[in-house]
Amino acid sequence: MKKNKPNFQYSKEERKKIPGKLYDEFKSKYPFYQEGQTQFHSPIIYPNNISTLKEQAGDSYMEQIISIGEPVKSVLCAACLSDASLRISKGYANARIQTRHSSRQKEWFFWKWMICLRPYIKGLSSVTFQNPDGYQLKSEAVNDEDLGKLKLASKTDDELTKLYKVMCPEGKEQINATWLNYMSNYFLMVVWLDDGSLYNKHQGCICLDASPKEEQELFVEYLSSAWGIEAYVVDTGDIMRDGRNRYRIYIKDMYSLLKLFRIIAPIIPVKEMLYKVMFVPVNNPILLQRWASELESIVIPEFRAFVRQEYANIIKKS
């Protein structure tokens, strides 16, 4: 497909073909994932004190009414909290999900929506490709990639409507114990891969910018009480478009960061997202070697050679 760099655009006909092309590439790369037959590589893990957490959540609509099984429920909730929106459109009785994702994370996008959350979409007909915008307009295509945004609109669904009533009591996603205390390790994995990042390869940060400070503080309490991961909320000093201060969640220390990674690394389903757990300690070559070896041992077996080579490159450079 012909592109004009750096601000290339695709014709309408080209955009129609791109989702299918990208999904074919995903299936070729990951033949062990079959549409409609979600395979998970590690047991679903809940916090050790899940019973206490459920008691704290009270008489939860989440457990009584919502019949979505795990880990789909946790992936769905995390996606709605991070880069997707769960809404009931005017004139509709049931809720649907909409999201946009960079094509540079297409493998992650397709695992979430075409494999794990496949029951809630109409296959590839739910996916469209949009021309680059925002920061992408300044990007150069790498290896003749199709650079743009993958946009998805799910089906309207009564189970999504039930979830909407729990997660969106005031018309938008809200962090609260009513649903948060029912989440598994898959929830942490999706939140980190969607909204988490490693600054300089060692400092962990979670960007829940749409959530107000008090909800982010509740999320920090959840990380501590449920998973033993210590974090804190920071005012970045930035002002967002809606006039609110921008707050971010920072993982407190290396111990908590590695604890998070040990929980989520064994279930990361595509190797392209493993860079988010490739911790590089500062001036500590012994710990670097130890974590490189540990990470290789806990990821999905198909990805171990990839981790070994990536860390060999990191160690060589350092």
Side-chain angles (χ1 to χ4, degrees), residues 41-42 45 47-48 78 82 102 104-105 107-108 135 138-140 142-143 185-209 213 216-217 219-238 245-318:
H41 293 268
S42 179
I45 299 172
N48 291 332
S82 52
S102 170
R104 284 189 167 159
Q105 293 184 342
E107 293 86 2
W108 175 229
Y135 290 112
K138 301 177 183 179
S139 299
E140 290 277 352
V142 178
N143 298 328
N185 52 338
Y186 276 84
F187 172 77
L188 287 185
M189 185 262 290
V190 175
V191 168
W192 180 255
L193 297 190
D194 279 345
D195 288 331
S197 61
L198 277 169
Y199 289 155
N200 298 320
K201 301 254 183 210
H202 67 273
Q203 175 64 59
C205 176
I206 299 174
C207 307
L208 299 178
D209 293 1
K213 179 184 179 183
Q216 293 195 41
E217 288 174 339
F219 190 86
V220 164
E221 291 176 13
Y222 163 76
L223 288 176
S224 177
S225 62
W227 300 100
I229 297 167
E230 301 302 324
Y232 54 93
V233 178
V234 171
D235 185 340
T236 67
D238 299 327
N245 289 0
R246 187 189 305 278
Y247 293 92
R248 294 275 165 87
I249 295 171
Y250 282 85
I251 306 301
K252 182 178 180 180
D253 50 36
M254 181 181 65
Y255 174 81
S256 286
L257 185 64
L258 293 183
K259 191 167 190 176
L260 169 65
F261 290 172
R262 289 181 179 112
I263 293 169
I264 68 173
I267 55 175
I268 293 177
V270 292
K271 69 176 184 290
E272 289 79 8
M273 299 305 291
L274 286 169
Y275 75 95
K276 290 217 172 186
V277 294
M278 289 196 171
F279 169 72
V280 179
V282 178
N283 299 324
N284 195 333
I286 294 176
L287 180 58
L288 175 60
Q289 291 274 6
R290 284 168 52 191
W291 178 246
S293 177
E294 181 178 353
L295 184 63
E296 180 186 341
S297 71
I298 63 177
V299 298
I300 293 172
E302 290 87 347
F303 302 161
R304 289 175 183 170
F306 171 79
V307 171
R308 187 185 315 121
Q309 185 58 55
E310 287 295 298
Y311 263 111
N313 295 336
I314 290 170
I315 292 169
K316 184 177 180 181
K317 289 178 182 179
S318 64

Checklist line | Approximate separation, where rounding is to 0.5 Å, of M254 CE and L287 CG | finding: 5.0 Å

Next item on the list: Check S224 against E230 and note the closest heavy-atom contact, atom names and distance.
Entry: OG-OE2, 3.0 Å

Next item on the list: Quick one: do E294 and R262 satisfy salt bridge (charged side-chain N to carboxylate O under 4.0 Å, His left out)? Show the steps, please.
Entry: CA-CA 9 Å; E294 181 178 353; R262 289 181 179 112; 2.5 Å; yes

Checklist line | Side chain to side chain, V191 and F219, heavy atoms closer than 4.5 Å | finding: yes

Margin query: Take a 6.0 Å sphere around OH of Y232 and say whether it holds more than 12 heavy atoms from other residues, nucleotides or ligands.
Written below: yes

Notebook entry, point to check: Hey, mind stepping through I263 and I45 against side chain to side chain contact (heavy atoms under 4.5 Å, CB included) and telling me if it holds?
Noted result: CA-CA 8 Å; I263 293 169; I45 299 172; 5.7 Å; no

Notebook entry, point to check: Heavy atoms, side chains only, cut-off 4.5 Å: are E272 and Q105 in contact?
Noted result: no

Checklist line | Minimum heavy-atom distance D253-S256, with the two atoms named | finding: OD1-N, 2.9 Å

Note to self: Quick check against the 3.5 Å criterion: does Q216 have a side-chain atom that pairs as donor or acceptor with the backbone of D209?
What the structure shows: no

Next item on the list: Would you check if N245 and K213 make a side-chain contact, meaning some heavy-atom pair closer than 4.5 Å?
Entry: no

Next item on the list: Using atom types as modelled and distance alone, determine if a side-chain donor or acceptor of K276 lies under 3.5 Å from a backbone N or O of G196.
Entry: yes

Check: Around atom CG of D238, are there more than 12 heavy atoms of other residues, nucleotides or ligands at under 6.0 Å?
Finding: yes

Notebook entry, point to check: So F279 and L295, side chain to side chain contact (heavy atoms under 4.5 Å, CB included) or not? Walk me through it.
Noted result: CA-CA 9 Å; F279 169 72; L295 184 63; over 6 Å; no

Check: So which heavy atom on G237 is nearest to which on D235, and how close?
Finding: N-OD1, 2.9 Å

Check: Rounded to the nearest 0.5 Å, how far apart are CD1 of I267 and CG of N185?
Finding: 4.0 Å

Next item on the list: Evaluate the ring planes of W227 and Y222, with Trp represented by its six-membered ring, and classify them as parallel (under 30°), tilted (30 to 60°) or perpendicular (over 60°).
Entry: perpendicular

Next item on the list: For A231 and I251, work out which heavy atoms get closest and say how close.
Entry: CB-CA, 4.1 Å

Note to self: Could you walk me through whether V280 and W291 satisfy the side chain to side chain contact (heavy atoms under 4.5 Å, CB included) test, starting with their C-alpha distance in whole Å, then the side-chain angles of each, then the deciding distance to 0.1 Å, before giving a yes or no?
What the structure shows: CA-CA 8 Å; V280 179; W291 178 246; over 6 Å; no

Item checked: Test side chain to side chain contact (heavy atoms under 4.5 Å, CB included) applied to L188 and L223, step by step -> CA-CA 9 Å; L188 287 185; L223 288 176; 3.7 Å; yes

Notebook entry, point to check: Once you round to the nearest 0.5 Å, how far does NZ of K271 lie from CD1 of I300?
Noted result: 11.0 Å

Check: Checking T236 side chain against R246 main chain: does a donor-acceptor pair fall under 3.5 Å?
Finding: yes

Next item on the list: Please tell me if the side chains of Y275 and L198 come closer than 4.5 Å, counting only heavy atoms from C-beta onward.
Entry: no

Note to self: Distance check, rounded to the nearest 0.5 Å: W192 atom CH2 versus I268 atom CD1?
What the structure shows: 10.0 Å

Next item on the list: Drop me the distance from K259's NZ to K252's NZ, to the nearest 0.5 angstrom.
Entry: 12.5 Å

Check: Where is the tightest heavy-atom contact between V307 and A292, given as atom of each residue plus distance?
Finding: CG1-O, 4.3 Å

Notebook entry, point to check: Any side-chain heavy-atom pair from I286 and L288 closer than 4.5 angstrom?
Noted result: no

Margin query: Can you tell me if N313 has over 12 outside heavy atoms packed within less than 6.0 Å of its CG?
Written below: yes

Check: When rounded to the nearest 0.5 angstrom, what distance separates CZ in R248 from CD1 in I206?
Finding: 11.5 Å

Checklist line | Non-hydrogen atoms of P47 and A226 that approach each other most closely | finding: CB-O, 3.1 Å

